[in-house]
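Only one structure is covered here, and it is reproduced in the block below.
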Amino acid sequence: MEYPFQSIEKKWQEYWKNNQTFKVELNPDKPKFYVLDMFPYPSGAGLHVGHPLGYIASDIYSRYKRLKGFNVLHPMGYDAFGLPAEQYAIQTGQHPAITTAANISRYREQLDKIGLSYDWSREIRTCDPDYYKWTQWIFVRLFNSWYDNSEKKARDISSLISVFEKSGNSEINAASEFKDSFSANEWNSFAESERENILQSYRLAYISEATVNWCPALGTVLANEEVKEGVSERGGHPVERKLMKQWSLRITAYAERLLNDLDGIDWPDSVKEQQRNWIGKSEGAQLSFALDKDGLKLEVFTTRPDTIFGVSFMTIAPEHELLEKIVIPERKEEVLSYVRESANRSERERVSEVKRISGVFTGTFAIHPFTGNKIPVWVGDYVLAGYGTGAVMSVPAHDERDHAFAKHFNIPIPQVISAPDGFDFLEKAYDAKEGVCINSDFLNGLKVKDAITKAVNEIESRSIGKGRTNYRLRDAVFGRQRYWGEPIPVYYKDGIPYTLPEDELPLILPEVDKYLPREDGEPPLARANDWKYKGKYDYELTTMPGWAGSSWYFLRYMDSSNDQSIASQDALDYWKQVDLYMGGAEHATGHLLYVRFWTKFLYDIGFLKITEPAKKLINQGMIQGRSNFVYRLKDSNTFVSYNLRGQHETIALHVDVNIVENDELDIEAFRNWRPEYSDAEFILEDGKYICGAEIEKMSKSKWNVVSPDSMIEKYGADCLRLYEMFLGPLELSKPWNTNGISGTSNFIRKLWKLYHEPVEGAKDLVWAVNNEAPSKAELKILHQTIKKIADDIERYSFNTSVSNFMICVNELTNLKCRKRAILEPLAIILSPYAPHISEELWEKLGHNSSVSQASFPEFNQEYLVEDQFAYPISFNGKTKFNIELPLKLSKEQIEQEVLDKEEVKKLLAGQTPKKVVVVPGRIVNIVF
RNA sequence: GCCCGGGUGGUGGAACUGGUAGACACGCAGGACUUAAAAUCCUGUGGCCGUUGAGGCCGUGCGGGUUCGAUUCCCGCCCCGGGUACCA
């Protein structure tokens, strides 16, 4: 019998569980290493073969680090609050906690079968009150903090209040939208509600009236990154703009630090770039244009103050607060109807009709601060209320959008920056930051970059405005009108929000009769009976968004059962931060930005000593599905094989890939698959039914889901692990094709046969490892492999490791090597990849502890030293043949030896080489 | 449009700092074993021409460049995947 993977894999999974092999404790004597997977949302569909890709890679890395002597923290848990469980609860009435728990146990079963070396004693679930107590705790801390721009850190709100009491707000440089100023006396005379209103515009967690993304179908608001192309990321429902009272987190206070600190972390460039774009820093100037009315001023933000002499009109957003005041009576009706029209445009329309140009002249003029010219003020929806000042100075010659607007409405396009010869300003704008200023008074002749500096200086010295930095990043809307999330620990007294005292946390999610919003539109938590703080104060009814629990979970694993704190100071000091973080690229601007934000906040309040959650991040690629199709003749139950389908009129139908092998349909299984196919007829080719195939997303509806369970049942977990790695580079997306798995399956059998041999009369293979001394050749193979595997793992090149193991086993098989001195180290280096078979071999080699406690063998260069090298001899760069030469020869000797060879002389045919390039140990190139 | 990735055999992919392109595997073809099949093992397998124990030419998306030598570096273009979208 060959390698019995079923029994052996089960045996070791039980061993690891019973012996708590991967349980880890603080150990100051060992260097630590923290490997984290992005924890999954446990969906009802279970894992498909794409999900474990990252888990396997990080597991290999963890196991490797253990062998290298590190104390490895490698935990797993569940992002357990979320919409699918709640949608299911709405449909069925089943409490989402029940569905979630069931899904979790299914996930756990699947994960266990893969042989992952998690320390399960540290498991967390974000929906567990012992966990979300601390999520709420962080919220309370955010509520009680403000951001001091001078010190560039968050500080306790009490420090702000004491400044207000002593000197009002004039000396405060805070991240706040509060514009007015007040004195200490005024502050002290304010009523409590008035004070709190002011404080709300300083707190890092605050409630405010804000335009939000409202999704009627989901009955909740969504954050910007949960909206993709005008529809909800989950479910694809339309999203509209709506003004609502909302809890938000002041992430904008951290914009600059979130941007700068990207330089210090080893994350994929694409993720860093996405975060940079999302934060969207732009430097320029804010300046005001006087209006020809009532002494009003229009504030604009521009990144191109160098083009200020090219302004031919101004544009303000339809929502601009000055609009009603400045529009002249004759135009009022037209302008207001335009404003109404643009307000009613849904987000989807707005996004899909980007190129539509619309706007209306307000009848008012602004005065150019330098020329004194009158400039018409327009309203146009291409200007966004939420960015900058909601108004722009339009320079059509040098800005694409202004150009389109000017062209559409026949507004002049004055050129102020020199452009290349023949540039047609009627056709498009010249927006490159290259050239010199022209027609621009004191800026004439300056290059763009210098002109920007000069213009800002001039604007400042004339007190028209000043240099300013703007960010695209918006504060994060934090409340969700949903049931299945962390309650926001806030109650209201006289309409003023107060947070619960920290020692009264957690605020437990109450039971409700239905998971829908109440009839009056209040969120589901309004249905909870007698749910009041101290029996009389209303609680906040929205819950936290999905990303709350995941914004700090990496810390909880460090000390997951601590009931006094997020984690003990010892644990935080020891584990510090994640060394390797593995997860999907889709979290680039959501989770990965929030977790950085919370980490910095916890640092500011002195809780952490680190400012970034993860040193190194790897995005594993997606595994796509490979769908199979059958072709049904129109209006019949007859199916025609792939290559014959052209002769008929057919419809392609997805067929379950699990009843197709190498694109050949299992006809019996197909008939049994669905009742309507039980009497299906087939038109075959060569006696087979061949299916069509296509690469698509792996999903139930496309019948192309391959589960890890079915692969493990058929081939074993080690084989699946190896194959997932063998598919290609970790970061690349690639389609799953089960066909190739026989390669790694063969490898495991070959490996087993290296340690075992057939014996006459015996049914099973017999243990065959001996204690003979290894040969030079065998040692060379082993040490080459040790070096390659270590190098591969260090650079996360797991696919090439698998090839290298194959090469090693092939070569040792050819040498019939059964020597312990070779095969024992091999079992260790293989164990991160194929832990079950390695444990079994390790035990058979006579060890009574887990191979995970062994040491990674030392690589010894001596075994690789060669004295001969087969030099490739090329002529004019083309390799013709090899010549074996001693490596100790000098360049000159090599050249002489090579030129003396008959075959070289023959190819030269009497010509004298112009040049001979000799790279010792590499190549000889003869140029003639 | 802009910003990232990426284009190598029939397929997945390899090639570390510019040095023998196609490792390893799948698939395919031929052979051995077998009554037969499966499994296993052996051989071959980039293309074209030629040979049948000769060899030659072409070849890493396309066009150019640098170099003794380019899949690798530079310039221009094409295609595919992902992100983003009026951010002034």
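Naming convention: chains lettered A, B, ... in sequence-line order (proteins, then strands); numbering from 1 in each chain.
- Rounded to a whole angstrom, the distance from the P atom of B/C26 to that of B/G46 is 16 Å.
- Listed by chain and number, the residues in a salt bridge (charged side-chain N to carboxylate O under 4.0 Å, His left out) with A/Glu299 amount to none (sequence neighbours excluded).
- Separating the P atom of B/G30 from that of B/A39 is a span of 16 Å, rounded to the nearest Å.
- Atom name P, nucleotides B/G63 and B/A70: the rounded distance is 15 Å, in whole Å.
- Residue A/Asn814 is the one, among A/Val392 and A/Asn814, whose nearest nucleotide of RNA chain B lies closer to the 5' end (criterion: closest heavy atom).
- When rounded to the nearest whole Å, the span between OH of A/Tyr871 and P of B/C68 equals 21 Å.
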If a protein heavy atom is under 4.0 Å from the base, mark B; if only from the sugar-phosphate, S; if neither, -; do that for nucleotides 18-25 of chain B going 5' to 3'.
-> -BBS-BBS
Whenever both distances are under 3.5 Å in a Watson-Crick or G-U wobble pair, mark it; put RNA chain B into dot-bracket that way, with [ ] for crossing pairs and | when the partner is on another strand.
-> (((((((..(((......[....)))((((((.......))))))((((.....))))..(((((..]....))))))))))))....
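- On the P atoms, B/C62 is 10 Å away from B/G9, given to the nearest whole Å.
- By the salt bridge (charged side-chain N to carboxylate O under 4.0 Å, His left out) test, A/Glu866 is found to be paired with A/Lys780, residues two or more places apart in sequence or in another chain being considered.
- Judged as a side-chain hydrogen bond (donor to acceptor under 3.5 Å, both in side chains), and not counting sequence neighbours, A/Asp666 has no contacts.
- Residue pairs that meet the side-chain hydrogen bond (donor to acceptor under 3.5 Å, both in side chains) test with at least one member in residues 309-319 of chain A, sequence neighbours left out, are A/Thr315-A/Tyr382, A/Thr315-A/Ser394.
- Residues that satisfy the side-chain contact (heavy atoms from CB on, under 4.5 Å) test with A/Asn619, not counting sequence neighbours, are A/Pro268, A/Val271, A/Ala585, A/Leu617.
- Checking B/C26, B/A88, B/C57 against every side-chain atom of A/Lys880, the shortest atom distance belongs to B/C57.
- Test A/Asp791, A/Ile786, A/Thr785 against A/Ile789 for side chain to side chain contact (heavy atoms under 4.5 Å, CB included) and you get one pass: A/Thr785.
- Proximity of A/Lys915 to the phosphate of B/C68: a side-chain N or O atom is located under 4.0 Å from OP1 or OP2.
- If you take atom P in B/G61 and the same atom in B/U11, they sit 14 Å apart, rounded to whole Å.
- Applying the ring-ring contact (aromatic ring centres under 6.0 Å, His included) test to A/Phe409 and every residue at least two apart in sequence or in another chain returns A/Trp378, A/Phe405.
- With both ends at atom C1', the span from B/G27 to B/C80 equals 25 Å, rounded to whole Å.
- Nucleotides B/U71 and B/C16 are separated by 14 Å at their C1' atoms, to the nearest Å.
- Rounded to the nearest Å, the gap between the C1' atom of B/A85 and that of B/C3 is 11 Å.
- Scanning for side-chain contact (heavy atoms from CB on, under 4.5 Å) contacts around A/Asp431 gives A/Glu400, with sequence neighbours left out.
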